[in-house]
Amino acid sequence: MLLFFFCLFIVVVFIQFIYYVILFGKFSFSQSLNSSQKNIPISVIVCAKNEQENARQFIPLLAQQNYSNFEIVLIDDASSDETLEIFEGFEKQYSNIKIVKVENNEAFWGNKKFALTLGIKAAKNEYLLFTDADCYPSSQNWIQEMSSQFTQQKTIVLGYGAYEKIKNSFLNKIIRFETLLTATQYFAWTKLGKPYMGVGRNMGYKREEFFKTNGFIEHMKIRSGDDDLFINQASHSKNTTICFSQNSFTLSKPKTSFKEWFIQKRRHVTTAKHYKSFDRIQLALFYLSQLLVLVLPILLLSFLYQWITVLSLIVLRYAFSWISLGYASGKLKEKDVMYWFPILEFVVIFTQLNIFISNFFSKPINWK
């Protein structure tokens with residue numbers, strides 16, 4: 001039996017090598033993308049529900065973007081606070097702001113996809129950029145950087161939605177490490193011609209892509225997934241690209257308690273089971289290998305079985321994964337989390353296992 005586990009451990013390390021070096025390396029070790037300045041008309045779409053504080057703070061940062069031809073479509077999804085009043089104040093202040101007011105609809109109660117659909121239809125421009133109400137651009141050139149990646153063929157652009165850094169917060173490092181790992185995965189697979197997800201905090205697409213797939217109609221009943229499920233359905237090797245220049249990032253305020261973050265991740269994970277078969281399989285294989293690469297050596301070393309070889313494989317595995325993610329963290333300006341890599345990885349892997357178990361027995365809460 002120990003021989004079986006030893007052979008399985010060797011296979012798992014090999015699988016991890018394929019993922020981190022060959023697959024993820026497509027992004028980690030890639031050169032920076034060339035960008036050409038464009039001045040195509042852009043509509044920035046922000047959907048908000050009870051976001052009065054974030055709206056007051058972040059909408060001016062969007063309005064002050066260094067781009068000459070854009071509008072901002074602010075969608076108020078039946079907020080019960082002062083979000084709509086704040087939006088209306090900005091509409092008077094900035095001539096390029098348009099408001100879409102969404103009333104509660106019994107058929108689409110609390111469904112963000114319904115609100116986004118109304119906003120997309122109201123936008124006057126064909127090229128759309130999306131961010132969340134609790135996000136803000138990292139620079140005044142966010143629109144310029146993201147829109148520079150649009151071409152006649154590349155009509156979907158996936159960006160990086162980072163989280164603010166909080167000094168001396170271990171939870172913050174966990175959140176940013178998990179975000180780094182997720183971004184490395186979907187950026188790498190996009191470069192490999194197999195895009196499978198994006199994040200609504202920072203992405204863009206041409207409106208025709210939305211109508212080609214009949215919008216969110218195929219997954220309208222699934223409350224989450226306005227970003228990743230849409231990309232999983234609409235994107236392919238010819239129409240999708242990435243943007244990871246520092247000025248193209250958006251930033252979000254991270255959760256400040258583990259419980260809040262855990263609930264947020266539970267909601268995000270629920271959509272993965274609706275991905276295309278290949279995407280579900282490759283993600284499941286990666287996360288299973290992540291778990292086994294921790295569990296199997298503990299089992300083998302507890303019996304001192306082939307302990308020199310096992311320890312050597314552990315060192316090898318952490319060396320190539322650390323290097324691969326280290327290069328990715330440099331591109332995404334998250335280098336500080338890599339100092340804590342083994343510990344953060346351990347926490348994230350077992351958090352994901354806990355999320356899987358929790359979601360198996362109960363459904364998470366979705367859009368506010």
Side-chain angles (χ1 to χ4, degrees), residues 45-51 54 75-79 102 104-120 128-135 156 158-163 175 178-179 181-183 185-186 189 195-205 209-210 213-235 250 252-255 258-277 279-280 283-284 287 348 351-368:
I45 297 182
V46 182
C47 187
K49 188 177 185 69
N50 300 328
E51 294 279 3
N54 289 324
I75 309 166
D76 174 60
D77 189 10
S79 295
V102 181
N104 279 324
N105 184 304
E106 185 175 349
F108 302 104
W109 186 273
N111 196 325
K112 183 181 178 182
K113 293 174 186 176
F114 174 66
L116 276 172
T117 299
L118 297 182
I120 290 169
L128 315 174
L129 287 183
F130 296 83
T131 190
D132 287 341
D134 60 351
C135 297
I156 299 177
L158 308 179
Y160 182 53
Y163 284 99
I175 292 172
E178 191 273 336
T179 304
L181 180 59
T182 299
Q185 289 175 268
Y186 71 76
W189 281 107
Y196 71 91
M197 68 160 285
V199 293
R201 302 189 303 276
N202 193 6
M203 59 187 288
Y205 49 81
E209 296 291 352
F210 183 77
T213 60
N214 292 318
F216 305 124
I217 194 66
E218 288 191 13
H219 46 89
M220 183 64 82
K221 292 183 179 179
I222 303 168
R223 292 297 181 90
S224 56
D226 56 276
D227 46 9
D228 59 340
L229 284 183
F230 173 77
I231 295 300
N232 195 259
Q233 180 184 14
S235 65
T250 58
S252 302
K253 290 185 178 296
K255 301 298 183 183
F258 187 86
K259 181 180 179 181
E260 289 180 326
W261 177 65
F262 186 80
I263 292 172
Q264 180 187 53
K265 294 314 298 179
R266 282 191 64 192
R267 187 173 66 248
H268 291 169
V269 167
T270 55
T271 60
K273 65 182 180 182
H274 302 287
Y275 288 178
K276 296 171 186 174
S277 297
D279 302 319
R280 294 200 309 269
L283 284 170
Y287 288 118
V348 167
T351 299
Q352 289 166 336
L353 179 62
N354 197 354
I355 288 171
F356 174 79
I357 295 171
S358 299
N359 283 358
F360 183 79
F361 290 104
S362 64
K363 293 183 179 180
I365 299 172
N366 287 295
W367 183 236
K368 303 170 187 176

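It should be emphasised that the depicted structure is a prediction, and the values quoted were computed from it without experimental measurement. Hydrogens, waters and symmetry mates are skipped; everything else that's a heavy atom, side chains included, is used. In what follows, residues are counted from 1 in the order of the sequence shown.
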### Task
Taking N232 for its side chain and Y196 for its backbone only, find out whether a donor-acceptor pair lies under 3.5 Å.
yes

### Query
Would T213 and E209 count as having a side-chain donor-acceptor pair, cut-off 3.5 Å?
no

### Message
Between T351 and K265, is there a side-chain heavy-atom distance shorter than 4.5 Å?
### Response
no

### Message
On a heavy-atom basis, which atom in K255 and which in Q264 lie closest, and how many Å separate them?
### Response
CE-NE2, 3.8 Å

### Task
Check T182, L181, I175 against E178 for a side chain to side chain contact (heavy atoms under 4.5 Å, CB included) and give me the one that passes.
T182

### Query
Is any side-chain heavy atom of L229 less than 4.5 Å from a side-chain heavy atom of Y275?
yes

### Task
Measure from the ring center of W261 to the ring center of F258 and say whether it is less than 6.0 Å.
yes

### Task
Considering non-hydrogen atoms only, spot the tightest contact between C135 and S252 and give its length.
SG-OG, 2.8 Å

#### Entry: Nearest heavy atoms of T271 and S224, plus distance in Å
CG2-OG, 2.8 Å

### Query
Is the shortest heavy-atom distance from the side chain of Q185 to the side chain of M197 under 4.5 Å?
no

#### Entry: Proximity of Y287 and F356 rings by center, below 6.0 Å
no

#### Entry: Crowding at CD, E260 (>12 non-hydrogen neighbours, <6.0 Å)
yes

#### Entry: Distance flag, aromatic centroids of F114 and F216, threshold under 6.0 Å
no

### Side-chain heavy atoms of N354 within contact of F262, under 4.5 Å
yes

### Message
For K112, is there an ion pair with D227 - N to carboxylate O distance below 4.0 angstrom?
### Response
no

### Query
Atom CG of L116 and atom CZ of F130: how far apart are they, to the nearest 0.5 Å?
6.5 Å

### Message
Can you confirm whether D134 sits close enough to K253 that some side-chain heavy atom of one is under 4.5 Å from a side-chain heavy atom of the other?
### Response
no

### Check: D226 side chain, K113 main-chain N or O, donor-acceptor pair, under 3.5 Å
no

